[in-house]
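Contents: one structure, followed by commentary.
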Amino acid sequence: MCGIVGYIGYKQATPILINALKKLEYRGYDSAGIAVFNGEDIIVRKAKGVIKVLEERICKEVIKGSMGIGHTRWATHGEPSDINAHPHTNVSGSIAVVHNGIIENYMELKKWLQAKGIVFKSQTDTEVIAHLINYFYESNRNIFEAVRQALAKLEGSYALAVECKDFPDRIVAARKESPLVVGLGENENFLASDIPALLEYTRDVYFMDQKELAVLYSDHIDLFNADGERIHKEPYHVEWDISSAEKNGFEHFMLKEIFEQPKALTDTLRPRIVKDSCGKPVDISFDEIEFGSEWKNAERIVISACGTAYHAGVVAKYAIERLVRIPVEVVTASEFRYCNPILKENDIFITISQSGETADTLAAMRLAKSKGAKIIAITNCVGSTISREADNVIYTWAGPEIAVASTKAYTTQLCCLYLIALKLSQCKETLSKDEFESLLDEMQNLPGKIEEILKDKNVIQKFASVQFNKDKIFYIGRLFDSASCLESALKLKEVSYMHSEAFNAGELKHGPIALIDSSTLVVAIATQPDLYDKIGSNIVEVKTRGASTFVITQDKSDSFRGKADEQFILPEVSPVLSSIIAVIPAQLFAYYCSILRGNNPDQPRNLAKSVTVE
């Protein structure tokens, strides 16, 4: 979710770049930098921290020049630091690059370049791009062709902008999967990751498509396809106001982030799924972890986390025990600290935190580490405390979450946990090759399944419009679905302030059913075919006591028709993987109930995005 900006024209570039970067601060970032050509050299200035730190660093010098690029970084490779901040350059500093995305084969390319004598300064994947472009530029002395040749070697996602001191009249830009917008001005042109950075200067833009390139001059823009052939586009005139543009047209960040889940899952899964020459998924590769003897000999997994991350751990318990056949204990981090936990020599300790700064989770991890446990952290934030202190860290490449209520962080955490479960099943030889590859294939198709659900958002919106005034909402499910109910109930109470609870469906008659009356909505999550009859009976039980009922299910055989008042049909996936998609309608329901009740779902009362104190 890094932010890219660029300017070429007749004005001083530095203030424009800084101002444009500020318009992208909502995307989240940990460092910022600019590279401006002053007529003789490319001047690079960058700093860890907020843009104000960068401004203070350059306020006492005059960086003149009418061509430049800028960047706000959200770390993926290398912790936040001045050195790892963008822009990055080749060895001589004659080529500068800013990049949004993840280069999956950067380590392979880095080793290849190092073998040719290139010395790297940073830990980032982006620096590879600068040196790779320089490698081709030394052969052809054509910056556009050098960029195009370099792109052919890159695997992964990118939006990038490149400037070269030998070509002071142009900026080269390219895009694959990460967003990039080109703005058209009068004797000046712009580029940015998102429209808000451009609205102060122009409302006429080109949206760059997959694998397209652009060359920006001060008086015109040339567009090309991946083969270097010139293409024509009609500019789009933007009529949004700035506040809505920052949300890409979504009313709230929460809804935007719900809709970002297909991309977030793709970014988290794709670098880790290994395919054969025919494109069939056959293996899982974690650069961060070597699944050696300690995993093969593991006798128990202990997972500790808080809130939404804890719910991801509960899903993981069902998945690991089903697929690997070893016990999993899931403990809220605040309890783990004080329960004098028992950790054994062959235990593996997994801690989960979106921010990597959650106070209770940090304390639990440190306690487990003091007892000799092997620590695996799952987090969304490179350079966070948890990522630095864990033995190994797995990143959920979800990008920043602005809304307080977690959505895409949760589903990407689930993806990482499922990948761990499948990889561990290989170590333990608990699944056949066909079973393993079938589940892996289903995992890579999950983003498409979520897109299908999001296309039916109006079904959820309509149901919320009828139910948003209910006094009590109970979520019921069994096995994996009971874990999904925990997260679904939390989302609703966080943003709508409606009283919601999750129950194992079989426990209804052991007390909770006494609460059921006409003011109650019961939402049943049913993705486990062997238990459809059981859930159906539970729905009838609560409906006869006056409750309204809604079922979220994969069933297409009408098991629940006539029992539930309404149902939402999910795309079919393996019941083992269903938790990743079952939560999406619940997220939407929580969002729509929130706005129908007049709340701001992005900033619910009394809550903070990261709980960094007890």
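Position 1 is the first residue of the sequence; numbering continues from there. Predicted model, so just to flag it, every value in this text is computed and none were measured.
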task: Name all residues meeting the side-chain hydrogen bond (donor to acceptor under 3.5 Å, both in side chains) criterion together with Q114; count only those two or more places apart in sequence or in a different chain, and write none if there are none.
output: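 By the side-chain hydrogen bond (donor to acceptor under 3.5 Å, both in side chains) rule, Q114 matches no residue at all.
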
Between [X] (side chain only) and [Y] (backbone N and O only), is there a donor and an acceptor less than 3.5 Å apart?
X    : Y    : answer
D391 : I375 : yes
S594 : V495 : yes
E257 : I402 : yes
T553 : A526 : yes

Residues [X], [Y]: salt bridge by 4.0 Å N-O rule:
X    : Y    : value
E79  : R388 : no
E294 : K374 : yes
R366 : E389 : yes
K46  : D82  : no
E401 : K408 : no

Can you measure from [atom1] ([X]) to [atom2] ([Y]) and round to the nearest 0.5 angstrom?
X    : Y    : atom1 : atom2 : value
Y475 : S484 : OH    : OG    : 11.5 Å
L422 : L439 : CG    : CG    : 5.5 Å
T266 : K263 : OG1   : NZ    : 8.0 Å

message: Before you tell me yes or no, could you show the steps for Q261 and E451 under side-chain hydrogen bond (donor to acceptor under 3.5 Å, both in side chains), namely the whole-Å CA-CA distance, both residues' side-chain angles and the distance that decides it to 0.1 Å?
response: CA-CA 8 Å; Q261 287 177 107; E451 286 179 346; over 6 Å; no

message: One pair to check against side-chain hydrogen bond (donor to acceptor under 3.5 Å, both in side chains): T527 and D481. What are the steps and the verdict?
response: CA-CA 7 Å; T527 67; D481 296 331; 2.6 Å; yes

- request: Answer with yes or no after comparing the ring centroid distance for F336 and F349 against a 6.0 Å cut-off, counting only values under it.
  value: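 Centroid distance F336-F349: below 6.0 Å, so yes.
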
- request: Flag the pair F503 / F474 as yes when their ring centroid distance falls below 6.0 Å, and as no otherwise.
  value: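 Ring centres of F474 and F503 closer than 6.0 Å.
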
message: Assess the residue pair E127 and H88 against the criterion (side-chain hydrogen bond (donor to acceptor under 3.5 Å, both in side chains)); give the C-alpha distance rounded to whole Å, side-chain angles, the decisive distance to 0.1 Å, and a yes or no.
response: CA-CA 5 Å; E127 191 181 354; H88 291 283; 4.7 Å; no

Angle class for the [X]/[Y] ring planes (parallel below 30°, perpendicular above 60°, tilted otherwise)?
X    : Y    : value
H252 : Y591 : perpendicular
F120 : H131 : perpendicular
W295 : F291 : tilted

- prompt: Cut-off 3.5 Å, side chains only: do R478 and N538 have a donor facing an acceptor?
  reply: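 Yes, side-chain donor-acceptor contact under 3.5 Å.
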
query: Just checking, any donor-acceptor pair under 3.5 angstrom between side chains of E435 and S432?
result: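 Checked: E435/S432 side chains pair up, N/O donor to acceptor below 3.5 Å.
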
task: Among Q426, E437, R272, find the one that has a side-chain contact (heavy atoms from CB on, under 4.5 Å) with D283.
output: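 So, applying the side-chain contact (heavy atoms from CB on, under 4.5 Å) to D283 and each of Q426, E437, R272, only Q426 qualifies.
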
Residue from I352, L490, L486 passing side-chain contact (heavy atoms from CB on, under 4.5 Å) with T308: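 Single side-chain contact (heavy atoms from CB on, under 4.5 Å) partner of T308 among I352, L490, L486: L490.
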
